[in-house]
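Working notes, beginning with the structure itself.
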Amino acid sequence: MTASTLITVAPTGAEADKSAVPALPVTLGELVGTAKECEAAGAAVIHVHIRDSSARPTLDRGRLADTVAALREGTDLIVQLSTGGAVTDSFAGRLAVLDAAPDACSLTCGTVNFGEDVFSNPWGFVKDLYQLTQERQVVPEFELFDLGHVATLHRLLGEFGPPAGGHVHCDLVMGVPGGMPGDVATLAAAAAALPAGATWSATGIGRSTLPVLFGALGAGGHLRVGMEDTLSFARGRPVTRNAELVERAAELARFAQRPPMPPAEARTFLGIPDRPA
Ligand code: KMH
Ligand code: ZN
């Protein structure tokens, strides 16, 4: 079991509406402010979705590049851009995310029902994105919403070899309506099915947040938290700041004798090269 806990914060996502969730960071200033607070609270990675001037999800290349630069300027966090985007984004737009040259990116290993929508990741797109990460040397995090996605991850590695950085790190995204449920039995089954040597984080959407967090800590996994996944801190009590989710995760990780992993250690752990000077 790793002696420390990698904490990723996913502060924004593509789904929540700023008008309904005023605490959601949507401007670059809000995002960088959130990132600094979350780093101080124990996060080492930030999973980034950006919004346009109307707070709607966007994959605008200039904004993505500015976001990467601002997060690097303001923090030591590993900058992981979402290639999942919103369910309405095109495959071409999602591939072009890598033009912003982040440290890392998400890479979802299959299609999944997503509430009333479909989050589309057919094999042709998954393998194109994977090969692009290898070409650009952007370290992928394999997002697994379902057990079938684990099978696709094995296929990807079997056909195209190891990822940039050489290490396989996955994120089990649990409790999405349409994906695998966020309970400890499913978490254990998914973790057991991963490729040998892979490490993993887990996040539970909505009500599955705490069961997944406690299960992951107990099973030697790492944690992703944030307002992309969780908008209620407790029953009837909305999240007011992303940092309070990171603070809670860090506190529980320390309690489990696996304290938060600093960003520099996380870079080595994930196989992410040092930033260009
Ligand atoms: N917004 C979801 C449709 C990712 O970031 O890679 C996809 C998602 C996964 O959030
Ligand atoms: Zn995301």
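These numbers were taken from a predicted model, which means no experiment stands behind them. For this chain, numbers begin at 1 and follow the sequence in order. Counting starts at 1 for both ligands and their atoms, in listed order. Heavy-atom basis, side chains included; hydrogens, waters and symmetry copies ignored.
- Sorted by chain and number, the protein atoms of type N, O or S within less than 2.8 Å of the Zn ion (ligand 2) are His47 NE2, His49 NE2, Glu228 OE2.
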Name every donor-acceptor pair, under 3.5 Å, that has one atom in a side chain of residues 152-167 and the other anywhere in the protein, sequence neighbours excluded.
from: Thr152; atom 1: OG1; to: Gly148; atom 2: O; distance (Å): 3.4
from: His154; atom 1: NE2; to: Ala193; atom 2: O; distance (Å): 2.8
from: Arg155; atom 1: NE; to: Glu159; atom 2: OE2; distance (Å): 3.2
from: His167; atom 1: NE2; to: Thr199; atom 2: OG1; distance (Å): 2.7

Sub-3.5 Å pairs, protein N or O with ligand 1 N or O:
from: ligand 1; atom 1: 1 (N); to: Glu15; atom 2: OE1; distance (Å): 3.4
from: ligand 1; atom 1: 1 (N); to: Glu15; atom 2: OE2; distance (Å): 2.8
from: ligand 1; atom 1: 1 (N); to: Gly85; atom 2: O; distance (Å): 2.7
from: ligand 1; atom 1: 5 (O); to: His47; atom 2: NE2; distance (Å): 3.0
from: ligand 1; atom 1: 5 (O); to: His49; atom 2: NE2; distance (Å): 3.0
from: ligand 1; atom 1: 5 (O); to: Ser82; atom 2: OG; distance (Å): 2.7
from: ligand 1; atom 1: 6 (O); to: Gly84; atom 2: N; distance (Å): 3.3
from: ligand 1; atom 1: 6 (O); to: Ser106; atom 2: OG; distance (Å): 2.7
from: ligand 1; atom 1: 10 (O); to: His49; atom 2: NE2; distance (Å): 3.3
from: ligand 1; atom 1: 10 (O); to: Glu228; atom 2: OE2; distance (Å): 2.9

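- Between the side chains of His169 and Ser201, a donor-acceptor pair is found at a separation under 3.5 Å.
- Taking the salt bridge (Lys or Arg N to Asp or Glu O under 4.0 Å) definition, one finds that Glu39 meets it with nothing, sequence neighbours left out.
- Under 3.5 Å, the side chains of Thr203 and Asp229 contain a donor-acceptor pair of N or O atoms.
- Classified by interplanar angle (parallel below 30°, tilted 30° to 60°, perpendicular above 60°), the ring pair Phe142/Tyr130 is tilted.
- In this structure, a donor-acceptor pair under 3.5 Å is absent between the side chains of Gln80 and Thr8.
- Under a 4.0 Å N-O distance rule, the pair Asp103/Arg72 qualifies as a salt bridge.
- Placement of Met180 and Val212 within a single hydrophobic cluster is found when ILVMFWY residues are connected by side-chain heavy-atom separations under 4.5 Å, directly or transitively.
- Residues Leu252 and Met261 do not share a hydrophobic cluster, clusters being chains of Ile/Leu/Val/Met/Phe/Trp/Tyr side chains in contact below 4.5 Å.
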